[in-house]
Amino acid sequence: MLNRRSTNKISVSGDTTKKISNGLSNKRRGNNNNVRRERKSLPTIVWIIITAAVTLIVREYIAAHIGDVSTIDFVPTSSSIIPSSRVVGPPSNFIVTGKLSSYIKVPSKYRKTFFIDPKTSFRRTVIRAFRNRGWRKSEVAETAHMIWDKVVLAKRFTDLKPWQRYDFIPGFSSWDKKDNFIKGFNKYKSRHPEKDLYMIPETYLLDKKEDREAFSKRLYDNNGLSIPWVLKTPDVNNGQGITMLGPNSEELDDVLNKVEEGSDNIIQAYICNELTWWGNKKFDLRFYWMVVSIDPLIVLYHDGYVRVGNSKYDESDWSSTKQHLTTHTYLADEDKGTIQNLKDLVREHYNNNIKTLEKKIKLDPFEHIRNQFKQSIAETVGAFYYDTFGQSKKKYKPQNGFGMYGADFVLDNDLDVWYVESQAGPGLEEEFDFRVEMHRDLLRGMIDLVDEIQTKLENDPQGNVLPLQNQAGWDIVYAGNPDKHWMYHYDGYSRSKRKKGCTISDNVKGKTEKTNFNPGRKKKSSGGVLNPDAIR
C-alpha cells in the first residue's frame, strides 16, 4: 500500500479516510475540546439531525447545479487540490422522456426471458448474469424479452416486436472501423469548429488525394519525418494490421509510395512520452460504454482494466512492432491490471511529479483522467449521433436497440488521455479473476438498466426516466437528443499545445520492422473524407 510521504502529496490508498494532521497546535486542540464540550450540552440526536440536514442541502445544491454525485475514494492533502465528487449524471432537474405517446408492454409470460445464440462467445458469462438478475432462458428468439446474438442479424432487427430488446444498434460500423472513426470526428469538427477534440491523436486518411497531400506536407514541411508514426489497417484487431514507422526511416519516407491512393489505411502520430506500467512496460486501457436506450437516448460510461505489454518501453527502438503493442493477446507473458492498480499508479506518478502536475491538475489525478475518458465517450455520441444513435433509418425500431461497447485509451506522463479507437465487440475473456467480477458488474448493470428504462416508459411514456436507480458503476455521459440534451464535459480542463515528443536518439535502433509493413488494400468507396487537419 502506497502511503502519503508529505503533506503536499495525495494518499494513493483506495480506502483512505480523512486524517487529521499531527501538527495541530495546542490552541487548536483546545478549541476543539471546547467544541466537544458545547456539543455535549445538546442531545446527540439533535446533532445527528442537524448534520443530516446540512449534508442533504449541500448534496441537493450540487445535484441541481453540477450533477448527481457519488463519493470518491481519496483525501486530497495538497493545498492545490480541490475536493471534488464524481459526476454520475445530469442535474436532478434535467428531464428525459420517450418519443412515443405509448409503449407496448412486455406480455407477462415473456417478461424477463432471454435468448442467447448458442454460438455466442462468452456464452456462460452472459447467461450467468441474466440468471443472477432473475431472468429465464428462452429457447426461441421470437418470444424472448431480450435477445443476445453472436453476430449482427439485420433481419432479426426488422422482425422484432416493439417490446423486445436486441443487443444491436444499426450504424455501429460508422465508428467501429478505424478509418470511419476518424472520418466521423472530422465531420463533427467541421460542424462544431468550437469543439476542442484534444483526445484524438493527429491522424491522416490515405484514401484520397487531398489527405495524402496534407500528410506529405506534414512530413516534409513540418518536421514529420523526425517523429514516429503508426500505419493501421482499419478493420482488424488484436495488434494485427499495425506497422510502426520509425523516425527518419526509409519506410516512413516511402510510405506514400507503398500505400496507394484509395487504400483503406490510416496513419497516426505515435503517442510519445507515455506513462508506463511498473517495470517500464507499455500499457493501454480498455474501458466500457453502453447505449442503454435509443428512445430516449441514454449513454453511460464504466471503468475497465489495463492491458500491459510484454516488452520494455523504448521510444528509440523501432525494430519490432510487437514491443509497441499491448493487444497481441495470445502472447503468454502479456499481463492485465485492475482499476485499483491504475489508480495507485496514477496517484504515485502524480506524487513523484507533483511540482509540475499540481499546476494543472486540481483534483484527484485518477478522477482527472476518468473525466477525460467520460468526455471522450460523450463526444463520440455527438460525433456519430446522425449515423448511429439518432436512428434515422425508418426500417428499424429505435426502442428495440441497446449495446455495450469498448473504448481504448493511452495515457502520457502529463496524465493526458488519448482516444485510440472504439470497439463494437470489446470481448469478455475471463483469464483473470478480477475480470470475472468486472463482467459481473458490467452485465448485471446493463440488464437492470435496460429493463428499468423500458418499465418506466411502459408505465409513463412522457414521464422523466431519470434518475436511474440501477446505475451502480455506470455514469451517464449523454442523455437526450441534439435539440435538448445533457452531455458530460470536463469543465476547466484544457490541454497544452506544447507536448513533449519522443526521446529520439541519434542511433535509432532498427528504424522499422520491414517484414511487418502492410500497404493495405484498396476500397470501393472512400465515403466523403474531410481534411484530417481538422482534428489536430
Side-chain angles (χ1 to χ4, degrees), residues 106 110-161 163-173 175-177 235-238 240 286-294 299-300 302 304-305 307 327 329-330 336 388 396-397 399-408 421-451 453-454 470 472 474:
V106 183
Y110 300 133
R111 182 171 285 279
K112 290 197 172 184
T113 60
F114 70 96
F115 171 83
I116 184 166
D117 185 341
K119 298 180 181 179
T120 298
S121 303
F122 322 114
R123 187 167 179 265
R124 291 181 179 178
T125 301
V126 177
I127 291 175
R128 185 171 62 240
F130 273 107
R131 285 184 168 158
N132 176 270
R133 310 321 280 169
W135 288 58
R136 295 171 289 119
K137 187 172 177 291
S138 172
E139 297 301 325
V140 292
E142 288 72 20
T143 57
H145 181 176
M146 197 175 293
I147 300 172
W148 188 289
D149 270 333
K150 176 179 175 62
V151 295
V152 172
L153 299 175
K155 185 179 185 304
R156 173 100 77 199
F157 208 100
T158 58
D159 292 342
L160 289 173
K161 299 173 181 62
W163 50 266
Q164 290 185 293
R165 295 296 178 263
Y166 187 34
D167 72 322
F168 163 54
I169 295 175
F172 70 86
S173 62
W175 47 261
D176 182 53
K177 292 180 63 178
D235 55 355
V236 291
N237 299 302
N238 292 330
Q240 303 299 310
R286 165 62 57 84
F287 281 47
Y288 297 93
W289 56 289
M290 172 173 58
V291 182
V292 71
S293 169
I294 288 282
V299 182
L300 302 97
H302 197 288
Y305 67 100
R307 304 184 296 191
T327 55
T329 57
Y330 301 104
K336 300 289 189 290
T388 301
Y396 299 118
K397 305 176 185 69
Q399 69 267 30
N400 291 129
F402 72 95
M404 185 175 74
Y405 309 112
D408 296 342
E421 62 180 325
S422 270
Q423 289 277 352
L428 296 171
E429 295 91 349
E430 295 186 337
E431 74 278 29
F432 291 84
D433 285 344
F434 81 85
R435 293 194 68 182
V436 176
E437 298 175 3
M438 181 181 69
H439 296 157
R440 175 198 65 198
D441 295 340
L442 289 169
L443 293 172
R444 292 179 187 179
M446 176 197 72
I447 294 166
D448 290 346
L449 285 166
V450 171
D451 188 46
I453 292 174
Q454 183 176 11
N470 294 291
W474 291 96

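Just so it is clear, the structure is predicted and the values come from calculations on it, not from any experiment.
A cation-pi arrangement is present between Arg435 and Tyr305, with the terminal nitrogen or guanidinium carbon under 6.0 Å from the aromatic centre and inside a 45° cone about the axis.
Crowding of Arg124 atom CZ: a count of heavy atoms from other residues, nucleotides or ligands under 6.0 Å not exceeding 12.
Between Phe432 and Phe434, the ring planes are tilted. Angles from 30° to 60° get that label. Aromatic ring pairs are classed by plane angle as parallel below 30°, tilted from 30° to 60° and perpendicular above 60°; the pair Tyr405 and Trp175 is perpendicular.
Residue Met404 comes nearest to Pro426 through the heavy atom pair O-CD, 3.9 Å, listed as atom of the first residue, atom of the second, then distance. The two residues Gly171 and Thr388 have their closest heavy-atom pair at O-OG1, 2.7 Å. When every heavy atom of Asp167 is checked against every heavy atom of Trp148, the shortest pair comes out as OD1-CA, 3.5 Å. Across Trp474 and Asp441, no two heavy atoms sit closer than the pair NE1-O, 4.2 Å.
The salt bridge (Lys or Arg N to Asp or Glu O under 4.0 Å) test applied to Arg123 returns no partner, not counting sequence neighbours. Scanning for salt bridge (Lys or Arg N to Asp or Glu O under 4.0 Å) contacts around Glu142 gives an empty result, with sequence neighbours left out. The salt bridge (Lys or Arg N to Asp or Glu O under 4.0 Å) search around Arg111 returns Asp451, Glu458, not counting sequence neighbours.
For the side chain to side chain contact (heavy atoms under 4.5 Å, CB included) with Met446, the qualifying choice from Met290, Arg133, His302 is Met290, the only one to do so. A ring-ring contact (aromatic ring centres under 6.0 Å, His included) with His145 is found for exactly one of Trp135, Phe115, Tyr166, namely Trp135.
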task = Walk me through it: do Leu443 and Phe130 pass the test side chain to side chain contact (heavy atoms under 4.5 Å, CB included)?
result = CA-CA 8 Å; Leu443 293 172; Phe130 273 107; over 6 Å; no
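Judged by distance alone, the side chain of Asn400 and the main-chain N or O of Trp163 form no donor-acceptor pair under 3.5 Å. In this structure a side-chain-to-backbone donor-acceptor pair under 3.5 Å is present from Arg165 to Gln399.
Between the side chains of Lys137 and Thr113, not a single donor N or O lies within less than 3.5 Å of an accepting N or O.
Salt-bridge annotation for Glu421 and Lys177: absent, with no side-chain N of the basic residue lying under 4.0 Å from a carboxylate O of the acidic one.
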